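Accompanying notes for the structure given below.
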Amino acid sequence: MILWGLTLRTNNPINKIEHHYDKFIQSCNTLSILTQIHSILTTTGIIKQSVHLTARIIIKYSSFLHLQTARHVFDSTDHETSSFLWNTMLRAYANSGFSSDALEFYSLMRRSDFTPNNYTFPFVLKSCAASLLITHGKLVHSEVLRTGFGSDVYVEAALVDMYAGCGIIDDARKVFDKMSKRDVVCWTAMITAYEQAERAETALCLLDQMQQEGFVMDWVATVTIASAVGQLGDAKRGRAVHGYAVRHGLFYEVPVVNSVLAMYAKCGEVEVAEMIFERSEERNVITWNSMLTCYVQNGLASEALDLFERMKTSDVNLNQVTVLIVVSACSYLGSQQQAAKIHDFIVQNKVDINQTLRNAIMDMYAKCADLDTALKMFKEIPVNQLDVSAWNTLIAGYGMHGYGKQALNVFNQMKDENFQPNHITFTSVLSACSHSGLVNEGKKCFAEMEIFSVAKDPKHYACMVDMYGRAGLLNDAYELIKDMKSHANDEVWGALLLACKIHGNTNLAEVAADNLFHLEPQHTGYYVLMSNIYADSRNWQEVGNLRRDMKNKGLRKPAAVSLIEVNNELYGFRTGEDIDSFTRNVYQKVERVVVELKMEGYVPDLSCVFHDVEDEDKHGMLNYHGEKLALAFGLMNVDAGLPIFINKNLRVCSDCHSVFKLVSRVYGRKIVVRDVNRFHHFEDGLCSCNDYW
DNA sequence: CTAGGGTTAG
């Protein structure tokens, strides 16, 4: 082997050999080569003579996550004499994620004669932050002060980071404010702290101050700022950050490209993100993942799945995050065929399935109308891996399919097995109760939150309002909102508005809408809902006013899309789609179905057409609702005996709902419809939601 | 020729 050539020349002075080996170790990228180099260094005795190479070997082993070997190397040296090696070993633990080992090692250092120095503290502090051990961190902080390293920039920056990492941002700020000298790194650390705490505005203010003091953003700072702007979803500021990166020659650092891409994604600028992605010369997994996420966040799930196919044939290595994103894309899409394909991919490629991923997969099956597979997965979870979120996923799964009783059973079982329900558990349980009209049970659960000391957040209130609202208890719903005082947010008012729609209460609806337009002036859905309520009461004037209002604000009603999967192919239908050779048959089928249903007593519910038009036109518009087209297409193409599964991006209208019920009886078909909120299982003329949605 | 801030997902 090439390495032997070097060792033969042992008469070379040690520093020359040291230099050669140093290069070898640094460039070595497999564990087996490292092991070979290591054994050569040992047998030739070179390692004994070079502290520097020993350190290199330790760090390199740790980069392959072989901490035990690294430790073994450390133990076989005369480390007592070298604080450098102590620090190196500590660094090996701290920088490869073995933070508890790092802390243990640090206490060993303290018990030895070793005195910590300015190199030691950053590693220790990093490990404290990583293990969220704030008490430990504070102890180290006092040690820093006692040993006189309190004004070392490196140590101070690490302190800022430690407090921020433990979530105590005020203490981080205290350390930061006391610093006598600051550089870009500690400014960035402090800015990042605010960004991570979702205080993007504060982060940007601090950036201003940093620039006023004459510091220039480097690429790391740019990455953080891009994330902060992404949080705000402010496309204008986004473009400014992008421009800065380009002007300062930072746009070739892959992390900068990635964070700018993710930033545009969060600002809804899909085309810009796509352009950046396509033009980027260097891409890593994160670049791909960011683009996938961009599609998912902007409701383009099938584009995400297409990109995933492209990714498979590229040379990047997919990781667990990739799979997580793709699974969530499939959850949105509701495609059973894609779900099976992705799960298969995960198994084939031996992707590590941890709790998070498993729950995501269970959720995906539930949202693809395959609750059975989700249940099966739950049952197969090894006992030691069963956690609260798995229970939560199961409860939510039952809930969204309208099985409120089963959801409650699971909730009870979970408590029996001594799992502590958390805030997500209660959201799932309450929404399950709400979907099934289990008002009393829901009230009980709501009260139970205090027993488990789970704080009630607006989400829980929204479930309760929804539950009261659907059950027609509009006053109870309204009273509950009043109890919340200023904490009432758009979710709760939105739930009330929906309830007003179901029960035709225009007056209360106006109260809710007033609050909503104030809280979320850009949210299209609330305008549409309110205008539908006016349309229900035939108040065409107000409908017109709202339309105009929306137009002035540049808001457009999102297009209703219904998806149906036939023979492993996904078909989409929009309401009022243009007639072409493909859709003509489908339209004709709808007409025939409607004629047949009318003989069975179907009376079209014209209130579901929200335009002030002649009744004759209304019939046409009603029949051309996307979900009816999809249903007709399903009747024509899905084998009798198989259920028809339709996925809709908005709420189902009541006319379509009654048509679906009738079809399930007259044609003897099982139909499953997923809308934005829940599943409807139609069978024998009935729906699992008990007409309650 | 030891050290500090960084991108996706949850």
Side-chain angles (χ1 to χ4, degrees), chain A residues 15 18-19 22 26 50-56 58-59 82-92 94-95 116-126 129 149 152-162 164-165 172 175-176 179 182-193 195-196 210 215 217-228 230 245 250 253-263 265-266 273 277 283-297 316 318-329 354-357 359-360 363 389 424:
Chain A
N15 54 3
E18 206 176 14
H19 181 71
D22 186 46
Q26 276 196 71
S50 169
V51 175
H52 179 74
L53 287 182
T54 310
R56 276 264 188 264
I58 290 175
I59 294 300
S82 166
S83 61
F84 170 43
L85 282 185
W86 279 103
N87 284 338
T88 304
M89 192 60 227
L90 181 65
R91 171 186 168 202
N95 285 352
N117 58 25
N118 52 324
Y119 293 102
T120 317
F121 290 119
F123 301 129
V124 187
L125 291 166
K126 183 178 186 172
F149 291 106
D152 181 296
V153 225
Y154 285 80
V155 178
E156 286 174 301
L159 280 168
V160 170
D161 212 44
M162 185 274 290
V175 176
F176 178 80
M179 293 179 73
R182 302 193 191 95
D183 58 12
V184 202
V185 176
C186 41
W187 276 101
T188 313
M190 198 60 234
I191 292 170
T192 306
E195 185 265 321
Q196 300 280 352
M210 175 182 117
F215 293 100
M217 279 207 281
D218 62 4
W219 73 265
V220 180
T222 310
V223 164
T224 295
I225 291 303
S227 304
L250 304 173
E253 293 285 354
V254 181
V256 174
V257 175
N258 294 348
S259 63
V260 169
L261 174 53
M263 174 189 74
K266 290 186 185 123
F277 179 80
R283 295 177 196 140
N284 60 17
V285 216
I286 298 180
T287 323
W288 286 88
N289 290 352
S290 303
M291 195 61 227
L292 287 173
T293 302
C294 173
Y295 285 132
V296 177
Q297 281 172 344
V316 279
L318 319 180
N319 61 17
Q320 215 200 25
V321 177
T322 315
V323 176
L324 216 54
I325 301 165
V326 172
V327 166
S328 81
N354 63 3
Q355 275 110 318
T356 314
L357 181 55
N359 294 335
D363 185 58
S389 48
I424 298 167

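By convention in this document, chain letters (A, B, ...) are assigned in the order of the sequence lines, proteins followed by strands, and residues within each chain are numbered from 1. The model shown is predicted, which means the values in this text are computed figures rather than measured ones.
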Point to revise | Between P of B:dA3 and CE of A:M162, the distance in whole Å | key: 20 Å
Point to revise | Distance, nearest 0.5 Å, that separates CD of A:E195 from OG1 of A:T188 | key: 12.0 Å
Check your understanding: Is a donor-acceptor contact shorter than 3.5 angstrom present between the side chain of A:D152 and the base of B:dG4?
Key -> no
Point to revise | Spacing between A:N118 atom CG and B:dG4 atom C1', to the nearest angstrom | key: 12 Å
Check your understanding: Is the ring of A:Y154 stacked on the base of B:dA3, with centres less than 5.5 Å apart and planes under 30° off?
Key -> yes
Check your understanding: Are A:W288 and the base of B:dT8 stacked, counting only ring centres nearer than 5.5 Å and planes tilted under 30°?
Key -> no
**Study point:** Integer-rounded Å distance: B:dT7 C1' and A:N289 CG
**Key:** 11 Å
**Study point:** Polar pair under 3.5 Å, donor/acceptor by atom type, side chain A:D218, base B:dG5
**Key:** yes
Practice item. Take atom CG of A:L292 and atom P of B:dT7, then tell me their distance rounded to the nearest Å. Key: 18 Å
Practice item. Answer yes or no: does a side-chain N or O of A:Q297 lie under 4.0 Å from OP1 or OP2 of B:dA9? Key: yes
Exercise for review: Verify the distance criterion only: is there a donor paired with an acceptor across the side chains of A:N258 and A:N289 at less than 3.5 Å?
Suggested key: no
Practice item. Over 60° means perpendicular and under 30° means parallel, so classify the ring planes of A:F277 and A:W288, tilted if in between. Key: perpendicular
Practice item. Would you mind checking if A:D22 and A:R56 are paired as a salt bridge, meaning a charged N to carboxylate O distance below 4.0 Å? Key: yes
Exercise for review: To the nearest Å, give me how far apart CD (A:Q355) and C1' (B:dA9) are.
Suggested key: 16 Å
Check your understanding: Are OP1 or OP2 of B:dC1 and a side-chain N or O of A:Q26 less than 4.0 angstrom apart?
Key -> no
**Study point:** Protein-nucleotide distance (A:E156, atom CD; B:dG5, atom C1'), rounded to Å
**Key:** 14 Å
